[in-house]
Amino acid sequence: MATLIGANGEEHTAHLSANDWPAWVREHEHATPRWVFNDTALVYPALLNAGVRVARAHDLRLCHAILRDSALVAAGDELRRAVAWDVSPAPEPPERPVEALFDFASTGPRQVPGDPQEIRAEFDRQRAILNAADGRLRLLTVAESTGALIAAEMRSAGLPWDVAAHEKMLTDTLGERPAAGGAPSIMLQRAEEVRQLLGDMTVSLDSQPKLLRALHRAGILVESTSKWELEEQKHPAIEPLLEYKKLSRLYSANAWAWLDEWVQGGRFRPVYVPGGVVTGRWASSGGGALQIPRALRTAVRAAPGWRLIIADVAQLEPRVLAAMSGDLAMADAARGHDLYSGLVDRGIVATRQEAKIAVLGAMYGSTTGEAGRLVPRLRRAFPLAMAKVDHAAQTGEDGGTVTTLLGRSSPQVSADWMTVQRAATDVDADPGAEQRARRSARDRGRFTRNFIVQGTAAEWALAWLAEIRRGLVALGETSGPATEPSGATFARVPHLAFFLHDEVILHVPEDLAEASAQVVRDAADRAAALLFGTFPLDFPLDLKIAENAGK
DNA sequence: CGCTGTAGCGCG
DNA sequence: AAAGCGCGCTACAGCG
């Protein structure tokens, strides 16, 4: 049985088999309803596989999590009691056949309720709250739900990936693909070189403790085997060792095994997890979608007759901070150009590099070193922006919660955190207890300080994504359907192909490239207006149209 | 043997 | 200098 709940709460119910469900959705989609999905990640991939897209949805799982914790919700008790909806994200659609004999369905990840009564009840709870709530919260739930649609659609479409170019890069840098169990030839050569220079032909470079001991025996007195510490050392073995570590990383993370698992039919299809980070950022599950090395971008290549639109927002987070705090001085320094240069031009800091350290330090809560020295200058130049993050930090240290512009609140303090704090106030508290309490309070302060900025930036990015999607659909409708030259049978419409916090990649037919680029720019303006109204600050994009995402 | 924790490094 | 936020992934170490 499937139930369609209209925007006014009216129900359309049909008794359907799983096979009939996509056709039913397609039929009703003509009226562009806002579909109520118990969990978009669970139900939408099947629709997409059947060639059915929906324009609008409300995701009960994601919105439950937002509304349950939001400080902008006055009466959320009923929602908090509906614990069946407290399901952590990452319900990866079951694709692989069951391999283990005892892999019962009940041992899989817990899922949101699927029965119509409970779905209806949860929707009614959320609707009552949203009807009474601040408009910002309605905007957030729409943006979050649209993000869930986009995540599924991007996985379905995939990022065009040039496997041959990737493999050539691998053989050039690593050597030929080794047989199972071995390592590529160039990597092995480097390892030999390191062992020779360390004077130990048997040491394993992949075991951190063993490598550390070998380094000590060779007179290299480091405390760890990390790159940044090794870089400080002068010893002939260091350079090939760093090279080995680099190759080793490439081999284990993004080489042939990765290609086999994540790239099929010339498309990279990662699993995006909307709302997977407490701040509202997306996470990913499998494929390492959010950690593709920049060097691998050359493998991202448009299909013949298609183009990529690659766009990222310059200094998204500091701009968001300026706007959400209403700091006109900071907006002035950022408007129309590079924010860091703006700080230099105003004599707040001496160099662009200093500006970067100061701004990041302000948002992350740095107190030591160069950042500690520079942040006070920002406090004088941009008092409103700094007051905003300083207040968020203080709230966090005191055990309170903070909230983004649109209403996503940070998690409550844990019982453990409270215990540590209380232990410090005991009359017979040992000196260590007070220190531990101070430290965990400051840790939390840095978290809440960053939460409001990172979280509001994530909201801006969601609005940007949603506006891009809307603009592309409008473009696609005027362009007419066709098929891709490679033989893949999806419509010849421009689509989002990749998203990474403040960056998007679109895959678009050549003749629509300019129009698509304009959609991306317009969407940034619309996102700014949605969140910050007429506040005088722009969000400039670095945007290029290319066949290849590399340099 | 499978599980969990950690180091290290990739991304914003 | 890895200082200071948020992540995921891999390989190894160490546990029972």
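Computed from heavy atoms alone, side chains included, the values below leave out hydrogens, waters and symmetry copies. The sequence lines fix the lettering, A, B, ..., with proteins before strands; numbering per chain opens at 1.
Picking from B/dC9, C/dA1, C/dT10 the nucleotide with the shortest atom distance to the side chain of A/E370 gives C/dA1. Closest to the side chain of A/P293, out of C/dG6, C/dC5, B/dG10, is B/dG10. Residue A/K245 has its side chain nearest to B/dG8 when only C/dG8, C/dC7, B/dG8 are considered. Among the nucleotides C/dC5, B/dC9, B/dG12, the one closest to the side chain of A/W228 is B/dC9. Checked against C/dC5, B/dC11, C/dC7, the side chain of A/A283 finds its nearest nucleotide in C/dC7.
Backbone-only contact: A/R294 has heavy atoms under 4.0 Å from sugar-phosphate atoms and none from a base. Residue-level contact check: A/G276 touches neither bases nor backbone, having no heavy atom under 4.0 Å from any strand. Counting any heavy atom pair closer than 4.0 Å across all strands shown, A/G361 reaches no nucleic acid atom. Residue-level contact check: A/L360 touches neither bases nor backbone, having no heavy atom under 4.0 Å from any strand. Among the protein residues, A/S224 comes within range of the sugar-phosphate backbone only, with heavy atoms under 4.0 Å from sugar or phosphate atoms but none that close to a base. Within the 4.0 angstrom heavy-atom criterion, only backbone atoms of the sugar-phosphate kind lie near A/K227; the bases stay farther away. Residue-level contact check: A/V453 touches neither bases nor backbone, having no heavy atom under 4.0 Å from any strand.
As a whole-Å value, the separation of A/R439 CZ from C/dA3 P is 13 Å. Put simply, CG on A/L212 is 13 Å from C1' on B/dG8, counting in whole angstrom units. If you measure from atom CZ of A/R249 to atom P of B/dC11, you get 8 Å, rounded to the nearest angstrom. If you measure from atom CG of A/L211 to atom C1' of C/dA11, you get 14 Å, rounded to the nearest angstrom. One interatomic measurement links the two molecules: CZ of A/R297 to P of B/dC11, which rounds to 9 Å at whole-angstrom precision. In this structure, CH2 of A/W258 is placed 15 Å from P of C/dA11, rounded to the nearest angstrom. The NE2 atom of A/H501 sits 7 Å away from the C1' atom of C/dC7 (whole-angstrom rounding). Distance A/Y272 OH to C/dC9 P: 13 Å, rounded to the nearest Å.
Contact check, A/S207 against C/dA13: a side-chain N or O comes under 4.0 Å of OP1 or OP2. Checking the phosphate oxygens (OP1, OP2) of C/dC12, no side-chain nitrogen or oxygen of A/K210 falls inside 4.0 Å. For the OP1/OP2 pair of B/dT6 and a distance below 4.0 Å, the side-chain nitrogens and oxygens of A/Q208 include no atom meeting the criterion. Regarding contacts with the backbone of C/dC5, every side-chain N or O of A/R281 stays at 4.0 angstrom or more from both OP1 and OP2. Remark: A/T225 is in phosphate contact with B/dG8, judged by side-chain N or O atoms under 4.0 Å from OP1 or OP2.
Not a single donor-acceptor contact under 3.5 angstrom links the side-chain atoms of A/R446 to the base of C/dC5. Interface remark: the A/Q291 side chain does form a donor-acceptor pair with the C/dG8 base, using a distance-only criterion of under 3.5 Å.
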Legend entry - side-chain hydrogen bond (donor to acceptor under 3.5 Å, both in side chains) evaluation trace for A/T202 with A/D200: CA-CA 6 Å; A/T202 61; A/D200 182 346; 3.0 Å; yes
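Put simply, CG on A/L247 and CE on A/M187 are 7.0 Å apart, with the number rounded to the nearest 0.5 Å. With values rounded to the nearest 0.5 angstrom, A/Q264 atom CD is found 13.5 Å from A/W161 atom CH2.
Salt bridge present: A/R438 and A/E397 bring a charged side-chain N and a carboxylate O closer than 4.0 Å. Salt bridge status for A/E231 with A/K245: absent, with no side-chain N to carboxylate O gap under 4.0 Å. A/D390 and A/R449 are joined by a salt bridge, as a carboxylate oxygen and a charged side-chain nitrogen come within less than 4.0 angstrom of each other.
You'll find the side chain of A/D59 stays beyond 4.5 Å of the side chain of A/Y44, heavy atoms only.
Of all nucleotides present, none satisfies the Watson-Crick or G-U wobble test against C/dA3 with each distance under 3.5 Å.
Checking A/V277 against A/E232, the closest nucleotide of DNA chain C that is more toward the 5' end is the one next to A/E232. Between A/T279 and A/S204, the residue anchored nearer the 5' end of DNA chain C, judged by the nucleotide with its closest heavy atom, is A/T279.
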